[in-house]
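Have a look at the structure below before the remarks.
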Amino acid sequence: MSTVVKSQPSSAQTFERLKRGRNIGIMAHIDAGKTTVTERILFVTAKIHKMGEVHDGAATMDFLEEERKRGITIQSAATQVEWNNHWINIIDTPGHVDFTAEVERSLRVLDGAVAVFDAVHGVEAQSETVWRQADRYKVPRICFINKMDRVGADYFRSIQTIIDRLGARPAALQFPIGAEKNFTGLVDLVSGKAYRFEADDGKVMHEIPLPEELKDEYTLRRHELCEIAAELDENVLDLFVEDEPIPAALLMAAVRKGCMSMQITPVLCGAALKDKGIPALLDAVLDYLPSPLDVPPVEGDVPRTDQRTIRKVDDSEPVCLMAFKTIAESTGDLTFVRVYSGVLEKGTNLLNPRTGKEERIGRLVQVHANKREAIERVPAGGIGAILGLKNTITGDTLCDPDHPIALSKIVFPEAVISMSIEPKKGGERDKLSEIIGKMMREDPTFRATSNEETGDLLISGMGELHLEVVVNRIKSEHNLEVLTGRPKVAYKQRLNRPREIESRYIKQSGGRGQYAVAYLNFESGAPEDGIFEFFNEIKGGSIPREYIPAVEYGVNEAVRGGGRNGYPFVNVVATLTDGKHHEVDSSEMAFQACGAQAFRLAADGNTTLLEPIMKIEVRAPEEYLGGVVGDLNSRRGEVSDVESSGDLRIVRGTVPIAEMFAYSSSLRGATQGRGSFAMELFEYRPVPTNIAEKILNPEK
């Protein structure tokens, strides 16, 4: 649970500006309608005057060619709108799990979020993923049950899935008048008023008397809302216990308090495609989600010290901002930033604590999808973009050189599949490397490595679609034809048993030799410990202090290199206990080689191959259920749950990604095109011995 901490700015003008601001994200499962919701917000707030539809490939916020072609969001897109004398920065995020890094970095810098759900399906697989991400960053949110005009829409069933699958506590602020084609209006449980949508213009609502047939429903649902609010506010509790009427303003204040402390999640409904419910959603963003003033001051480390420090959201504070997204362009990188304190101004120099170097702020812009407006400054609490930064990447802090601070980094998931890639024309390898370098700056979950033995260039990502989009962008945006190999699983390795190693790296061939001896203990740490931990327990100076980092570096390089099999190791804990050195022949290079050799000895015949296990959710009509479950079992899958949703069956379980290549085609064939699925990384598990033997020794 987050604590709401108010930060009083130094001037009334700054206070008023921040009070009227919101920084929000739109997040959801793929096809729940995030981008349509954002598009309608732009139209309702008069940011755009002609709406583009996602299904037509004309949505304002989906401006990449791949997005328009596929009808999905791939990159998060930013814009700013005005509503009722407030400014709202909005980031529209992707729904597909392969692009989850876009959600991760957006939530890291946002103050609130709107979670969009399909009224037919309720909570879906990726809904859970983005919800957990918002929990991790303590982002308050409101829910919007979208597509109330679809066949099978059920508002209260969708709310129940939020309780059952997310463990959240939703608080319905509205309920619909009718559903499916009869979704004609809504009842506001806070004000007690009923509204009917204009027949030809869903964004216009007319107040109407509460329909007689809905009075019992209203009484029940408002009682439920007041009961929730009574737990959040003593004034509401007093009135509730005495069975006295609870004023709308008091109820609203209690709900806002509960939303910002993440004790409850307000829920609204609508049908974004017809503009229904969008104005009420915008009102709720202002009424219940936090302004920059309502979030705690940002915390960070003072570089090269053990001290922590804070920055308040105030123009008069030293400037501090985080780079949360990069778009690599031919004219220089476009870097999106959230300004936490101070004022970001053109022409200033800011320190990057990661590099220890200063960056000059050349051009500042306000971004609306793929359009840009030049600006002179971005004040505290704002989001903007900088053109032309040289050495700043996603997750970096930029700050006042005289008051340095390093904010916590953004942690991204590991890649799960890889493939080889090469240019069709041999002379264009340098061009390909340059393009891939730009893409790696843009996307922290996209990685590229070169296989030292074969010389192959390997690209890695979050799934087949991720790499397919990357390859298509290389071809279309950069006009470079490439050849790719078949996708491969991003296996990992771990040590089986602890080992004590004596590593002797001694060479003498005339002149100065190489001499390094190190005694190291190796073992596997817990999965959450990460890739590599190193402990120095040398006593008495048997290895001089200046050589210790070289031993650590050598071990670390061998761990990441993957040894004989080439798959990187995880959870390696190395402890340096003793060693020997020579006054003349010892060097950093010798101890580095000694450390790498030690790990190779520890790993020889002492490894377990690990494979990515995916959490999967398959939706298919009931008549195909047997075939879907049987197919998953044949792929080494484990089905944990089968649930009904109308005439659909939802199958949940886990399955190795190695068995899931081209699964979408297989599922379409098995369900006559009526099945769909979503996957995300669940954990790494040991590969069964017989399969591991084939992977490690393919020639046998």
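Please read these numbers as outputs of a predicted model, since none were measured by experiment.
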>> Go through it in stages, so that I can follow the logic: the residues are Leu173 and Tyr288, the test is side chain to side chain contact (heavy atoms under 4.5 Å, CB included), and I'd like the CA-CA distance, side-chain angles, deciding distance and then a yes or no.
In response: CA-CA 11 Å; Leu173 305 186; Tyr288 303 111; 3.4 Å; yes
> Given the rule in the side chain to side chain contact (heavy atoms under 4.5 Å, CB included) test, do Glu124 and Glu617 qualify, once you have shown the distances and angles that lead to the verdict?
Replying inline: CA-CA 8 Å; Glu124 299 175 85; Glu617 180 177 293; 4.2 Å; yes
>> Evaluate Leu42 against Val81 for side chain to side chain contact (heavy atoms under 4.5 Å, CB included), listing each step before the verdict.
In response: CA-CA 7 Å; Leu42 296 178; Val81 300; 3.5 Å; yes
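Aromatic pair Phe240/His223: ring centres closer than 6.0 Å. Note: Phe175 and Tyr218 fail the aromatic proximity criterion, with ring centroids not under 6.0 Å apart.
Across every non-hydrogen atom of Leu364 and Val378, the tightest pair is CD1-N, 4.4 Å. Val116 and Ala32 get closest at one heavy-atom pair: CG1-O, 3.6 Å. The two residues Ile91 and Ser106 come nearest to each other via the heavy atoms CG2-OG, 3.5 Å.
Summarising the local packing, CD of Gln160 is surrounded by more than 12 heavy atoms from other residues, nucleotides or ligands at distances under 6.0 Å. More than 12 heavy-atom neighbours from other residues, nucleotides or ligands sit within 6.0 angstrom of CD on Glu213. By the neighbour-count criterion of 12 heavy atoms within 6.0 Å, atom CG of Asp641 is densely surrounded, having more than that number from other residues, nucleotides or ligands.
Paired with Arg169 under the rule side chain to side chain contact (heavy atoms under 4.5 Å, CB included), one option of Ile163, Ile228, Ile162 passes, and it is Ile228.
Taken from CG in Leu321 to CD1 in Ile361, the straight-line distance is 7.0 Å, to the nearest 0.5 Å. Atom CG in Leu166 sits 6.0 Å away from atom CD in Glu128 (nearest 0.5 Å). Taking CG from Asp111 and CG from Asn23, the interatomic distance works out to 5.0 Å, rounded to the nearest 0.5 Å. Summarising the geometry, atom CD belonging to Gln174 is positioned 8.5 Å from atom CG belonging to Leu281; distances are rounded to the nearest 0.5 Å.
Judged by the 6.0 Å and 45° rule, Arg165 forms no cation-pi pair with Trp131.
Cys399 has its side chain out of reach of Tyr340: every pair of non-hydrogen atoms, C-beta onward, lies at least 4.5 Å apart.
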